[in-house]
Amino acid sequence: MNTEKIPSRNDVPSKDKWDLTKIYESDKDWEADLASIPSLAEKLESFKGKLADGADTLLAALKADEELDRRIEKVFHYASLLNSADQGNSTYQEMYNRAMMAYTAAQASTSFYIPELLSIPDEKINTWIEQDEFSDYRVYVKKALHIKPYTLSEKEERIMALQSESGQTANNAFSLLTDVDLDFGTLKADGVEKPLTQGTWSDFLESQDRNVRKEAYEKFYGTFEKHANTLSALYSGSVNNDIFVSRARGYKSSLEAALYSDKVPVSVYKNLIDTVHKNFDALHRFYSLRKKVLGVEELRHYDVYVPLVKSVKSKISYEESVEIVRNALSVLGTEYTDTLCGGLLNGWADRYENKGKTSGAFSSGAYDGYPYILLNYKDTSIRDVYTMAHEGGHSMHSWYSVRNNPFMSYEYTIFEAEVASTFNEELVFKYLIKNAKDRDMRLYLMATHANDILATLYRQTMFAEFELRAHETVENGQPLSTDVLRSIYRNLLEQYFGSEMHFEKSSDLEGLRIPHFYNAFYVYKYATGISASLALAKRVTEGGAQERDDYFKFLKSGGSRYPIESLRVAGVDMESSAPVQAALDTFRELVDSLEKEL
C-alpha cells in the first residue's frame, strides 16, 4: 500500500518557496534592523512634550514616526512569513516572538505620541497639515483625529500597549495547537494511506466515497472533541480581551470598536445578517437539491462539500493555474496580469503544503518586499485555482496601493481587501464557464460557483452572527462555557442549513476551530466583499474604459479613503443592502438553473 507524506520544510525546492531576500538578504540583516528599533523609538520619544511647539516640530515627529513604523513593519513581516511557513521551527518562533516584543516595547515607549498629537487644538493642527510639506502625512493625521474620542491618556495608552502582546496569547496558542500539535491520523483513500491534516481535510470532504467523507469527518472532529474545553477556553479568552479593549476605550460594544476606525456603521453588519436571513429559502433549496443529487436518505454535514457533478475531474498544475488566472483577468490589462503572473511564478508565492506550514492561504503585503502569497496548492482541486486568483487579488491591491500612496497612508482596510480578491474569483468563473467544453463541465462550474457564493456570503455571515452572539453573551453578563458556545453554534447551524440537514453530535465543534474568530468581526468582510465584487465584476466586464478606470481608482486608493467612500468611487454603495441582495439573487438564479439541469 502506498503512503503519501507531507514534506518537511527543508525538502521543499526553492522554486516552490517565496523569495524573502527581497525583504532581507539574510537573517543577519534582519537582526541589525531589529536591533535598531529601540533607538528609532527613542528618536520619536525625544519629541515628547514638544508636538504642539509648531508645524516644523510636528513634521519632524511625523517623519520619525514613519521611520519607526516602517522599520517595525519590515522586521515583523519577515519574521511572520518565516514562522508561517514552518511553525514547528523554534528559531522562527523565537524570531517572531522577538519581533513582537520589540513592537510592544516601541509601542509602550511611544505611547505618549497619539494622545499628545490629539491634544493639539483641532484648528491649529488642521491648519498645519494643509501645508504642502505635510502631504505624505495629511491622511494619517486626519484618521488619527477620527479616533480622538476613543484615545486614552498617555499612561492609559501605555498600559494598552503593554497589554497588546499578552492579548495575542489565545490566538498564538490556538494556532500552535491546531496547526502543529494536533495529530488527526491517516485515512485510506483510493488505495493510498494519506495523512489527515488541516490542509488535506477539504480533499477528503470532497471525495465521492461517502465512507471516506464520514471517516475523515469523525476523525477530524473526534480530535477536536478531545480538546473542546481547551479550545473553548482559548476562544473565550479572545472574546474577553476584545471586550476589555472596547470597554477600556469607551465604545458602546466590541462590534462598534471593531468597525469604528473604518467608519463602517454598525448597521452595515446587522443589515448583512438580516438580508441573509430573508434569503434562507434559496439556501435551503440548494441543500434539498444536494440531497437529491447525492441520492442519500439523510443529508449529513460531511456531504456538503462533495462536487455535485460526479463525472468531472480536474487536475490542473500550478503553472496551468497561473495561465488560467492570466487569461481570466485579461480585462484588467497586461500590466495587471503580467505583474501578478510573473510574481506567482517568480518569488511571490509559497506554493505547496509542508509540515508545520500554516493551513489555508493568505496574502501578506508590506511597503518593502513583494506582496507575498501563502498557498497550499493542490492540483486535484479547481478551488485552488480560485484561491490563487483570490490571494492574487489581495497582492495586486497591495502592489497598486504601495505605488500610489506614501507609507503613512498606503494600507487599505480588510473591508476593501475582500473586494479585490473575490472580484478576481468572479472573473475566473466567467472565464471558465465561457470556455467550458461540455455540459458536465458547465454544470460543474455552476455548482462550484454556487458553493463558493454560499461559502463566502452565507457561511461567513453565519460566522459573523456567531461572533456577534458570542460577544453579546459576555457583554450581557454571561460567561462563555463550552456548552454555551456549542449551543450558540448549533442553533445557527440549524437555522442556516435548514430541516434537510442531520448534524452529528460533534458538528457544533466547527465553531471552535475557525482561526479568523481570533481576529474579531473580520469574517463579515468576506460577505460584504463578495457582494461588492459581484457588482463590480459585472460593471467592469459589461462596461468600458471608464468602469475599468473606476475600479483601478479603487485599487490605487490604498488607505487614502475610508472603505465605504472608496467603494463608492469604484461604483458600489455598501451602506445600502442592495449589493448584498443582488449577490443573493445571483445565488438564487444559480440554484434555479441547477434544479432544472440536474
Side-chain angles (χ1 to χ4, degrees), residues 33-76 102-164 248-251 260-263 366-368 401-413 556-562 565-566:
D33 268 4
L34 177 68
S36 72
I37 290 175
S39 63
L40 292 177
E42 288 176 10
K43 182 178 177 181
L44 179 56
E45 195 174 3
S46 70
F47 289 94
K48 185 175 181 179
K50 303 173 184 177
L51 295 184
D53 287 357
D56 290 344
T57 303
L58 177 61
L59 182 61
L62 287 165
K63 289 181 178 179
D65 181 25
E66 177 183 22
E67 187 177 13
L68 172 63
D69 287 352
R70 187 166 175 177
R71 187 68 53 82
I72 288 173
E73 179 188 77
K74 188 178 180 182
V75 165
F76 189 83
Y103 169 63
T104 301
Q107 270 195 316
S109 66
T110 61
S111 56
F112 77 93
Y113 179 64
I114 293 297
E116 187 173 328
L117 178 73
L118 298 181
S119 70
I120 302 171
D122 288 358
E123 183 177 349
K124 181 184 288 188
I125 196 170
N126 282 319
T127 300
W128 290 349
I129 64 174
E130 290 307 314
Q131 299 175 28
D132 291 343
E133 293 84 353
F134 283 85
S135 60
D136 284 357
Y137 309 99
R138 192 173 298 128
V139 170
Y140 171 79
V141 173
K142 286 184 176 180
K143 288 191 172 183
L145 292 173
H146 171 63
I147 62 169
K148 187 173 183 176
Y150 302 104
T151 302
L152 306 175
S153 69
E154 177 191 340
K155 287 184 177 180
E156 290 169 329
E157 286 294 338
R158 184 173 185 276
I159 292 171
M160 298 297 284
L162 290 170
Q163 180 271 340
S164 62
R249 293 198 175 280
Y251 290 100
Y260 180 84
S261 63
D262 289 343
K263 271 194 179 180
Y367 212 72
D368 297 287
S401 294
V402 166
R403 280 153 184 79
N404 290 277
N405 297 277
F407 173 78
M408 297 296 275
S409 57
Y410 90 92
E411 286 190 272
Y412 51 84
T413 65
K556 294 175 181 179
S557 65
S560 64
R561 299 183 179 95
Y562 286 101
E565 180 189 354
S566 71

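Just so you know, residue 1 is the first one in the sequence shown, and it goes up from there.
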Where Leu118 and Ala144 come nearest, the two heavy atoms and their spacing: CD2-O, 3.5 Å
Contacts of type side-chain hydrogen bond (donor to acceptor under 3.5 Å, both in side chains), residue Ser109, not counting sequence neighbours: none
Interatomic distance, Tyr103 atom OH to Ser164 atom OG [nearest 0.5 angstrom]: 6.0 Å
Arg158 atom CZ, over 12 foreign heavy atoms within 6.0 Å: no
Set of residues satisfying side-chain contact (heavy atoms from CB on, under 4.5 Å) with respect to Tyr140, sequence neighbours excluded: Leu62, Asp65, Tyr113, Ile114, Met408
Interatomic distance, Thr151 atom OG1 to Glu156 atom CD [nearest 0.5 angstrom]: 11.0 Å
Nearest non-hydrogen partners of Tyr562 and Ser261, listed with the distance: CE2-O, 3.3 Å
Nearest heavy-atom neighbours spanning Ala161 and Thr104: O-CG2, 3.4 Å
Heavy-atom pair of closest approach, residues Arg561 and Lys143: O-NZ, 3.8 Å
side-chain hydrogen bond (donor to acceptor under 3.5 Å, both in side chains) involving Lys63 - partner list, sequence neighbours excluded: none
Approximate separation, where rounding is to 0.5 Å, of Ser39 OG and Leu44 CG: 12.0 Å
Nearest non-hydrogen partners of Pro115 and Ser111, listed with the distance: CD-O, 3.1 Å
Selection residues 34-44 - residue pairs positive for salt bridge (Lys or Arg N to Asp or Glu O under 4.0 Å), sequence neighbours left out: Lys43-Glu67
Partner residues of Tyr367 under the ring pair (Phe, Tyr, Trp, His ring centres under 6.0 Å) criterion, sequence neighbours left out: Phe407, Tyr410
Any residue meeting side-chain hydrogen bond (donor to acceptor under 3.5 Å, both in side chains) with Arg249, in chain and number order, not counting sequence neighbours: Glu157
Any residue meeting salt bridge (Lys or Arg N to Asp or Glu O under 4.0 Å) with Glu154, in chain and number order, not counting sequence neighbours: Lys48
Ser560: partners by side-chain contact (heavy atoms from CB on, under 4.5 Å), with sequence neighbours left out: Asn405, Ser557
Shortest non-hydrogen contact between Leu68 and Ala106, atoms and distance: CD1-CB, 4.4 Å
4.5 Å side-chain heavy-atom contact, Tyr260 and Pro149: yes
Residue list, side-chain hydrogen bond (donor to acceptor under 3.5 Å, both in side chains) with Asp56, at least two apart or on another chain: none
Heavy-atom donor-acceptor pair, Glu116 side chain to Lys50 backbone, under 3.5 Å: yes
side-chain contact (heavy atoms from CB on, under 4.5 Å) evaluation trace for Val141 with Leu58: CA-CA 11 Å; Val141 173; Leu58 177 61; 5.6 Å; no
Acceptor/donor pairs from residues 126-134 side chains to any protein atom, 3.5 angstrom cut, sequence neighbours excluded:
{"residue": "Asn126", "atom": "ND2", "partner": "Asp122", "partner atom": "O", "Å": "3.0"}
{"residue": "Thr127", "atom": "OG1", "partner": "Glu123", "partner atom": "O", "Å": "2.8"}

Atom pair NZ (Lys263) and OG1 (Thr413), whose distance is rounded to the nearest 0.5 Å: 13.0 Å
Atom pair CG/OG1 of Asp69 and Thr110 - distance to nearest 0.5 Å: 8.0 Å
For Tyr137, all residues meeting ring pair (Phe, Tyr, Trp, His ring centres under 6.0 Å), sequence neighbours excluded: none
Counterpart residues, side-chain contact (heavy atoms from CB on, under 4.5 Å), relative to Lys74 (two or more places apart): Ile23, Tyr24, Asp33, Asp368
Value rounded to 0.5 Å, distance of CD1 in Ile72 from CG in Leu40: 8.0 Å
